[in-house]
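Note that this is a predicted model, so its numbers are computed, not measured. Side chains included, hydrogens not; waters and symmetry mates left out as well; all remaining heavy atoms used. So you know, we letter chains A, B, ... as the sequences are listed, proteins then strands, and number each from 1.
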Protein chains: 2
Amino acid sequence: MTPAATAAGIRELPHPTRAEIRLEGVLHALSDPVRLRIVRDLAADSDALFSCSHFDLPVTKSTTTHHFRVLRESGVIRQAYRGTAKMNGLRRDDLDALFPGLLDALLAAAARQAAAVAGD
Amino acid sequence: MTPAATAAGIRELPHPTRAEIRLEGVLHALSDPVRLRIVRDLAADSDALFSCSHFDLPVTKSTTTHHFRVLRESGVIRQAYRGTAKMNGLRRDDLDALFPGLLDALLAAAARQAAAVAGD
DNA sequence: CTCGTAGTACGCCGAGTGTCAAACTACGGC
DNA sequence: GCCGTAGTTTGACACTCGGCGTACTACGAG
């Protein structure tokens, strides 16, 4: 069925506005290893947009969809359809405006921890 | 009973070592409004230690205990007994060493959001 | 039109979370 | 020794989360 979906043929994805982004939500979204990894990959190429299938995640498609949804609903990423693919991009501008320095500190911390674990 | 507790009369609280602190755990600990508030209060007076009862939290004592435990086990705070009271302090040195700039960015973000909500 | 690929939706499950009340332990003061 | 205060523990509850499979809906290629 998907009631309001087939109406115009355009599935609008609900994104929180910048003002609606909650710090707790962002932290919760980033407290999952899979999602943290997605964000790190996304941040590595801030300009480029990646499709969901680009990521080599250790979970199934439905779980992937779930994680991307959490990231989108918490305001961390932005999603847009392009053909059958769905492109994902970091909302760096919004996050930097709301919480200056937070994203960079977070990414640096994640990179640092990844390096520590690797060299363990 | 509390087996190894009454032995010496000193209840040692298990803290993760600096190397054991995981970024995901810290983010998860801070993704709860109650715990984020505790950390903010703690950070306001980094030198001072506060007892659990010092905080005016909208939850019962047992829930408070639970939140403090999550914070301690994730490596965010350090706890020590002093008489019947349990003093709580931020592990700022460890966190700054592990994730430079993260705590400051987090606290600034929390303060910024609190101000935005207040002026809503 | 048909088919394949990309992603979604739904339901299910086990595990974990936040909350509470109630019973308990520990310490200090009387 | 007794009592009150501070905090813990336990068990219960509703809820959420992360994971899965399956069935489904788009869109593009042929």
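- Of the inter-residue distances, the one linking B:M87 atom CE with B:Q79 atom CD reads 11.5 Å to the nearest 0.5 angstrom.
- In the region residues 54-71 of chain B, proximity to DNA chain D at under 4.0 angstrom, judged on heavy atoms, holds for B:K61, B:S62, B:T65, B:R69.
- Nearest heavy-atom pair, A:N88 versus A:S51, reported as atom, atom and distance to 0.1 Å: ND2-C, 3.7 Å.
- Applying the side chain to side chain donor-acceptor pair (under 3.5 Å) criterion to B:D32, with sequence neighbours excluded, gives no partner residue.
- Of the residues in residues 22-38 of chain B, none has a non-hydrogen atom less than 4.0 angstrom from any atom of DNA chain D.
- In this pair, A:F68 and A:F55 present their aromatic rings tilted. The plane angle is within the 30 to 60° band.
- Every residue two or more places apart in sequence or in another chain that forms a salt bridge (charged side-chain N to carboxylate O under 4.0 Å, His left out) with B:R69 is listed here: B:E73.
- Atom CD in A:E73 sits roughly 13 Å away from atom C1' in C:dA9 (whole-Å rounding).
- Taking atom CD on A:Q79 and atom P on C:dA6, their separation rounds to 16 Å, with Å as the unit.
- Between the side chains of B:T60 and B:T63, at least one donor N or O lies within less than 3.5 Å of an accepting N or O.
- No salt bridge links A:R22 with A:E24; every basic N to acidic carboxylate O contact stays at or beyond 4.0 Å.
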Problem set entry | Watson-Crick and G-U pairing of DNA chain D written in dot-bracket, each distance under 3.5 angstrom, with | for inter-strand partners | ||||||||||||||||||||||||||||||
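- Annotation: salt bridge (charged side-chain N to carboxylate O under 4.0 Å, His left out) contacts of B:R72 (sequence neighbours excluded): none.
- Rounded to a whole Å, the OH atom of A:Y81 is 13 Å from the P atom of D:dG28.
- Under a hydrophobic-cluster definition in which Ile, Leu, Val, Met, Phe, Trp and Tyr are linked whenever side-chain heavy atoms come within less than 4.5 Å, directly or via other members, A:V70 and A:L36 are assigned to different clusters.
- Between the side chain of B:R91 and the main chain of B:I77, no donor-acceptor pair closer than 3.5 Å is present.
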